[in-house]
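Structure first, then comments.
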Amino acid sequence: MTISELQREASHAHIHPPPQGFVSRYVISFDHKVIAVQYFITSGLFFVLAGLLAEMIRAQLMQPHNTLLSAQTFSEAYSVHGSAMVWLVIIPVLTGGFGNLAMPLMIGARDVAFPWLNMFSFWLFPPAGILVFLSFLYGAPQAGWTEYPPVSLHTPGTALWCAGIFLIGVSSTITGINFMVTIIKMRAPGMTWTRMPLFVWATLVTAFLSAIATANLSAALAALFIEKIFHVPFYDPANGGSPVLWQHVFWFYSHPAVYIMILPAFGIVSEVLPTFVRRPIFGYRAIAYSSVAIGLVSFMVWAHHMFTSGLAQWVQLPFMILTMAVGIPTGIKIFSWVATLWRGRIRLSTPLLFVIGFLSCFTFGGITGVMLASVPADIHEHATYFVIAHLHYVLFGGSIFGIFAGLYYWWPKMTGRLLDERLGKIHFWVMFLAFNATFLPMHWLGLLGMQRRVAFYDNQFEGTNLLPMVAHTNVFVSISAFVLGLSMLIFAYNALRSATRGQVAGPNPWGARTLEWMTSSPPPYYNFAEIPLVLHGPYDYGKPLPYANISQDLATEPVD
Amino acid sequence: MATHAISIGDAEYQEVRSHRLLGFLFFLISDTIIFSSFIFSYLYDRSASAVWPPLGIERPGLYLAAVNSIVLFGSGVTMHLAMEAWRHANRSRFAGFMIATIVLGVGFLSGQAYEYTHLHDTWWGSVFGASFFTLTGLHGFHVFIGVIFLITVLLQTRRGVYDQSRYFGLTAATLYWHFVDVIWVALFFLFYVY
Amino acid sequence: MNETRSQPLLDTEFWSVTVLLTVISALLMWGVVIFPIDAWLPEASTVSKDIDFIYRFMAFFSVPILVYVNGYIVYFMWRYHVAKGEDRTATGSDIHDHPGLEAAWTIVPSILMLILGVLSYVVLPKYYLASAASVATIEGIGHTFFFEFRYPGLAQPVDNDLHLPVGKQVTIDLTSSEPDIRNAVIHSFWVPEFRVKQDMIPGMIVPIHITPARIGTFRIICTEFCGVGHSDMVGKVVVESQSDFDNWFKSEQHMQSNGATQAPISIAGGDAAAGGQKFAAKCTTCHGTGAFAERKVGPGLGNLFHDPDHPTLVTGKPANADDVADIIEHGFSGDLGTMPNMQVNQLTPKDVANLVAYLESLHK
Ligand code: HEA
Ligand code: HEA
Ligand code: CUA
Ligand SMILES: [Cu+2]
């Protein structure tokens with residue numbers, strides 16, 4: 001097609017008028033930007049609750065035989081903490097939140113393919129969360145976020161938990177289908193696959209994983225639910241079922257799910273880096289295709305969570321090798337990002353700091369992941385605090401740092417106002433230091449013999465012989481965890497403050513080049529008055545903007 | 001949804017249609033995954049057991065199931081013929097085959113209900129029963145939804161919701177019905193033959 | 001941007017930093033090589049040396065990766081950041097790929113992973129494959145919340161106390177079971193000093209092979225969440241010389257054939273306050289002090305001695321002090337589950353007396 005043909009095609013789609021009235025605007029909204037904010041607020045509330053549960057866990061673990069919580073309450077606390085962080089915080093924020101906020105804008109669309117389904121998908125989410133937390137009233141699940149039967153069949157709250165997670169799973173599947181169609185079908189004219197921003201690539205692979213893997217989770221949860229309620233034998237050996245079967249179906253979902261929780265964060269990193277380094281991202285294609293590789297391989301590694309559950313040796317081998325293989329595309333990304341910093345013109349703004357925190361912590365967590373992948377090593381480490389350390393390094397050090405980078409980056413786009421830079425930097429440093437202080441010592445606690453999911457532990461772990469200067473490792477960890485929790489208050493204050501005192505942001509405060517910055521902040525209901533026409537890839541700093549129909553004035557100078 | 005389609009231009013309709021078609025295909029894929037997950041469970045239990053079905057459990061009778069399968073596959077044929085008739089703008093033939101499809105679908109469900117009530121095994125009785133009733137029940141539920149879907153679409157054609165060039169709802173119903181057929185092939189083989 | 005073009009892409013400063021990072025890596029790698037793992041966590045079985053070799057290897061190659069990634073990040077941030085007052089619209093280098101470099105950072109990690117894979121594959125069979133060398137096969141059964149070991153030649157199982165002769169390979173068949181199979185859950189058998197861990201799964205028997213290499217007493221830890229008592233599900237493994245082991249085995253045989261071993265515990269003079277403390281420490285995971293029906297794992301013990309609805313104990317005997325002491329001493333498995341014995345609960349005879357006194361004092 002010639003450019004003029006494309007241009008004609010681009011501008012024909014007509015603009016719908018925005019809805020009137022509070023409810024249709026802010027509650028039952030079909031607008032992807034409003035839905036994104038709904039996700040952020042809901043998940044934010046669940047984050048505070050799940051975080052407070054984490055602080056309860058740490059308070060209990062201050063002393064080896066603390067009587068603060070009973071063993072039962074403690075188990076409920078970490079089970080709901082893990083479930084809520086995974087399903088009610090990270091996944092909804094990264095897909096529902098950032099996916100909705102940025103993806104349609106970045107591909108130059110007016111909305112997602114099915115706005116109605118998008119709204120529906122969101123409204124499955126609050127009830128799901130309420131069900132999970134409501135299970136506390138009945139004695140919440142105690143067997144962790146993994147809920148291995150048979151023990152999970154013995155706690156009453158499991159049924160409510162299943163129902164809640166099932167709902168969020170359905171929501172996630174619907175969102176995945178919706179996003180796949182949007183990205184495949186609704187890119188602005190001229191936006192070929194290799195002109196797509198990297199966050200969109202990441203969202204595409206994530207959407208695929210959400211649609212495929214999450215369907216399997218729904219099936220597994222349904223089976224657990226009917227087993228719990230009707231005693232239909234799937235997993236309980238007392239009735240001829242197999243508890244190991246649950247582990248297979250659960251991890252067949254939950255391993256891809258960990259990439260659902262990290263790929264969008266990779267995408268955010270790929271957006272923030274070039275903006276603040278002001279140079280093209282290094283290895284665009286390698287970063288894009290490695291996401292696809294990670295997505296595909298992630299379906300073939302699930303049994304690395306089950307190396308101690310009696311699998312035959314010939315089964316363990318391919319899982320071990322493929323698990324290690326995931327490190328290679330991930331390494332390609334990490335190295336490309338580091339290379340992007342080389343010879344940049346780096347502005348040390350808050351979003352970039354969080355990206356740097358991400359690179360540092362996630363690499364560490366990834367490497368401990370490889371240490372878990374080796375079967376003989378995993379046999380020693382499995383179900384200890386070493387695994388807990390790994391998972392927080394990738395989930396907090398990776399996903400949460402990525403989420404904060406994205407929040408600081410897109411906040412002006414979402415609200416029209418900037419967050420305070422100084423508070424942002426304080427937040428970063430407190431969080432970064434407290435994070436490492438909290439989770440680093442867990443590695444040696446685990447290796448020395450502290451198992452996970454225990455309310456009481458052996459006196460020797462009050463101190464360990466490795467670091468005499470940290471005589472009371474668990475106390476040190478707990479205090480760091482409290483500081484880590486308090487660091488979130490800095491962000492909360494910053495966010496509230498920006499509503500009234502935040503500097504008003506123009507359309508493009510960071511001088512970025514992707515399409516979401518090519519419209520006002522916050523964007524109008526229809527996103528773009530004229531659908532843009534894309535002529536080149538998005539990261540060529542120093543060249544004219546690669547869009548027709550878009551004013552070159554938008555390649556503005558950064559304000560910070 | 002389709003009433004809205006009438007009011008928009010042809011180019012835009014084609015676009016909306018292609019979105020819906022792709023979305024519907026993705027939905028069918030994820031639905032397949034749900035079935036596959038249960039099928040995996042079934043095969044897992046099977047491979048863990050020395051004899052299959054487990055001792056003391058009888059396989060449900062092949063005869064009834066075979067008749068029932070023929071009914072279901074027959075409905076696939078009539079569905080296809082209905083679509084052919086629609087494409088040739090033969091409305092009465094279309095309605096006739098649609099009704100035939102619906103009747104065969106209901107026939108399949110009745111056959112299944114008969115089978116369920118005449119089995120010794122129960123849902124909670126054994127791992128075989130658990131997989132059998134869950135999978136065939138889930139499939140039966142899909143057939144049930146399919147029947148409702150077909151009835152709705154048939155009524156919609158009556159009300160003139162679709163026209164010769166714009167009939168996405170009808171396409172979706174057809175796809176869904178064929179999908180349900182294909183799933184049954186797998187289930188039939190697993191539970192009655194293999 | 002343009003004036004940097006004329007300079008070499010990688011200048012002396014870059015290479016100096018690289019050398020510095022290499023030196024730091026080398027020092028840390030040396031630290032990894034000499035790190036005294038054995039002093040930190042004893043290598044008490046033959047396989048633990050091999051597994052520790054894998055750890056050492058992994059730490060060895062991880063160190064340079066971490067040092068270079070973090071080092072270059074910090075260096076680039078410092079070197080290329082835009083200072084106050086500098087032109088903020090300037091842009092950086094426009095180089096956006098380098099096939100050679102990208103190939104290198106794909107191939108080098110691949111090779112490292114491959115080596116790690118091969119190493120793991122070589123070590124794995126030492127842990128898994130059965131060998132004819134095993135001197136004995138012991139059954140290890142997980143219960144809520146203790147380990148039971150059955151030795152060939154011993155009529156009765158031994159609870160929470162695994163004795164092994166040093167230097168001999170033994171096979172342990174692990175599983176999980178309960179008097180009522182519906183209560184059985186997954187446990188796990190872990191001895192950190194052996195670097196051996198295996199889940200105990202109801203309905204499945206998984207053998208593991210251990211050759212203890214060092215005399216000592218180590219903890220056996222349950223690492224799979226199994227219920228409220230999971231935290232306290234800890235046993236001990238005693239590795240001893242063959243003669244010590246034989247002695248232990250004989251005395252165990254002797255004790256078991258003599259039936260009731262020691263004289264019955266005297267429950268006179270129990271101290272209710274001390275008993276209350278023991279109760280909080282050892283019993284509250286499973287028992288509350290409410291009515292019989294207020295079950296946690298076991299029944300509520302508040303009205304143990306004076307409950308008209310339950311005049312007899314779960315053993316069927318009348319609720320008097322001696323019979324309660326008997327349950328606490330020997331444990332009991334009935335419809336409600338398994339009540340562990342005093343050995344598992346780590347009680348002394350004095351504790352038992354105190355506990356009975358405490359339970360008696362509960363009724364108001
Ligand atoms: C993204 C996921 C995520 C995140 C962000 C976190 C965050 C934290 N986690 Fe979590 N964790 C998991 C996912 C996550 N966790 C999972 C999956 C498990 C496994 C569960 C299982 O075993 O099944 C787990 C388990 C787990 C354990 C092990 C429990 C056990 O096995 O016994 C511990 C123990 O220390 C822990 C601690 C923490 C702490 C201190 C934080 C902190 O970073 C939290 C900080 C955040 C806040 C506190 C909220 C915001 C605070 C405020 C708004 C201010 C108010 C605060 C104060 C007044 C202090 N987590
Ligand atoms: C965001 C989530 C996330 C991510 C991205 C990962 C990434 C990885 N994880 Fe992790 N994992 C979890 C979340 C995640 N994990 C959670 C929640 C659990 C615990 C679940 C539970 O039981 O509760 C877990 C548990 C877990 C286990 C099971 C442990 C056990 O219970 O016994 C294993 C074992 O193989 C594992 C491995 C890996 C590997 C190899 C990667 C790789 O993808 C990492 C790849 C990255 C790198 C390797 C770093 C960058 C690469 C380079 C710089 C190149 C050079 C590197 C080398 C040559 C090594 N993880
Ligand atoms: Cu037994 Cu945990
Ligand atoms: Cu995994």
Side-chain angles (χ1 to χ4, degrees), chain A residues 71-72 143-144 148 150-151 237-238 243-244 277-280 282-284 286 308-310 313 317 320-321 324 327-328 331-332 334-335 338 341-348 356 359-360 363-364 367 371 374-377 379-380 382-383 448-449 451 453-456 465-466 541-542 557-558, chain C residues 40-41 51 54-55 58 62 65-66 69-70 72-73 76-77 80-82 88-94 96-97 102 105-106 109-110 113 116-117 120-121 123-124 127-128 181-182 184-186 188 192 195-199 201-204 206 219 221 223-228 230-232 285:
Chain A
Q72 181 181 339
Y148 281 11
V151 70
V244 179
V277 179
R278 292 190 71 77
R279 87 194 240 359
F282 192 94
Y284 170 92
T308 65
S309 46
Q313 212 185 329
L317 188 68
M320 169 173 85
I321 299 294
M324 290 175 181
I328 293 158
I332 292 175
I334 301 273
F335 296 134
V338 175
L341 292 173
W342 174 72
R343 290 187 152 227
R345 300 285 275 159
I346 303 174
R347 281 178 292 127
L348 292 171
I356 299 304
L359 291 178
S360 172
T363 307
F364 197 95
I367 284 180
M371 296 184 168
S374 159
V375 183
I379 284 171
H380 180 63
H382 173 74
L448 283 173
Q451 72 274 44
R453 297 176 177 165
V454 285
F456 318 110
N465 47 10
L466 180 70
Y541 283 85
E557 200 172 315
Chain C
W40 201 52
L41 184 68
I51 292 184
I54 292 184
Y55 277 117
M58 293 191 302
S62 303
I65 296 174
L66 289 173
V69 167
N70 287 295
Y72 283 128
I73 289 176
F76 292 156
M77 299 285 283
Y80 297 112
H81 83 274
V82 180
R88 307 182 71 75
T89 53
T91 54
S93 152
D94 59 1
H96 42 54
D97 46 13
E102 289 176 75
W105 70 45
T106 312
S110 306
M113 305 277 194
L116 179 59
S120 310
Y121 181 66
V123 170
L124 196 53
Y127 164 81
Y128 267 105
I181 186 70
R182 277 172 302 176
V185 294
I186 304 179
S188 180
R195 316 284 193 272
V196 164
K197 181 184 293 127
Q198 174 60 50
D199 290 0
I201 302 169
M204 238 169 108
V206 185
R219 297 190 308 145
I221 303 166
T223 53
E224 206 57 62
F225 177 77
C226 48
V228 282
H230 168 63
S231 315
D232 295 326
T285 32

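Every chain is numbered from 1, with letters handed out A, B, ... down the list of sequences.
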What verdict does the side-chain contact (heavy atoms from CB on, under 4.5 Å) test give for C:Val69 and A:Leu359, after you've listed the backbone C-alpha separation in whole Å, the side-chain angles of each residue and the deciding distance to 0.1 Å?
CA-CA 8 Å; C:Val69 167; A:Leu359 291 178; 5.6 Å; no
Test log, rule side-chain hydrogen bond (donor to acceptor under 3.5 Å, both in side chains), inputs A:Ser309 and C:Asp199:
CA-CA 5 Å; A:Ser309 46; C:Asp199 290 0; 4.7 Å; no
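Heavy atoms closer than 4.5 Å to chain C are found in both the backbone and the side chain of A:Tyr541. With a threshold of 4.5 angstrom between heavy atoms, A:Leu317 approaches chain C through side-chain atoms but not through N, CA, C or O. Residue contact with chain C, scored on non-hydrogen atoms closer than 4.5 Å, involves the backbone and the side chain of A:Pro376 alike. For a residue to count as touching a neighbouring chain, one of its non-hydrogen atoms must lie under 4.5 Å from one of that chain's; by this rule A:Ile367 touches chain C with the side chain only.
A 4.5 Å side-chain heavy-atom check between C:Ile186 and A:Val151 finds every atom pair outside the cut-off. The closest side-chain heavy-atom distance from C:Arg195 to A:Ile379 is not below 4.5 Å. No side-chain heavy atom of A:His382 sits less than 4.5 Å from a side-chain heavy atom of C:Ser188. With a 4.5 Å cut-off on side-chain heavy atoms, A:Ser360 and C:Asn70 count as touching.
For the set A:Gly344, A:Ala143, A:Ala383, A:Gly542, the count of heavy-atom pairs under 4.5 angstrom toward chain C peaks at A:Gly344. Note: C:Gly117 leads C:Gly117, C:Gly203, C:Cys226 in heavy-atom pairs under 4.5 Å with chain A. The candidate with the highest count of non-hydrogen atom pairs below 4.5 Å against chain A, out of C:Ile65, C:Leu66, C:Ile54, is C:Leu66. Among the candidates C:Glu224, C:Glu102, C:Met77, C:Met204, the residue making the largest number of heavy-atom pairs closer than 4.5 Å to chain A is C:Met77. The candidate with the highest count of non-hydrogen atom pairs below 4.5 Å against chain A, out of C:Asp232, C:Thr106, C:Leu116, is C:Leu116.
Of all the heavy atoms in A:Met324 and C:Met113, the pair that sits closest is O-CE, 3.4 Å. Contact between A:Val338 and C:Tyr72 at its shortest, heavy atoms only, is CG1-CB, 4.0 Å. Taking each heavy atom of C:Tyr121 and A:Met320 in turn, the nearest pair found is N-CE, 4.3 Å. For C:Met58 against A:Ser374, the heavy-atom pair with the smallest separation is SD-CB, 4.2 Å. Among all heavy-atom pairs drawn from C:Pro109 and A:Phe335, the shortest one is CG-CE1, 4.2 Å. Scanning all heavy atoms of the two residues, the minimum distance from C:Ser231 to A:Gln451 falls at O-NE2, 4.4 Å.
Relative orientation of the C:Tyr55 and A:His380 rings is perpendicular, given thresholds of 30° and 60° on the angle between their planes.
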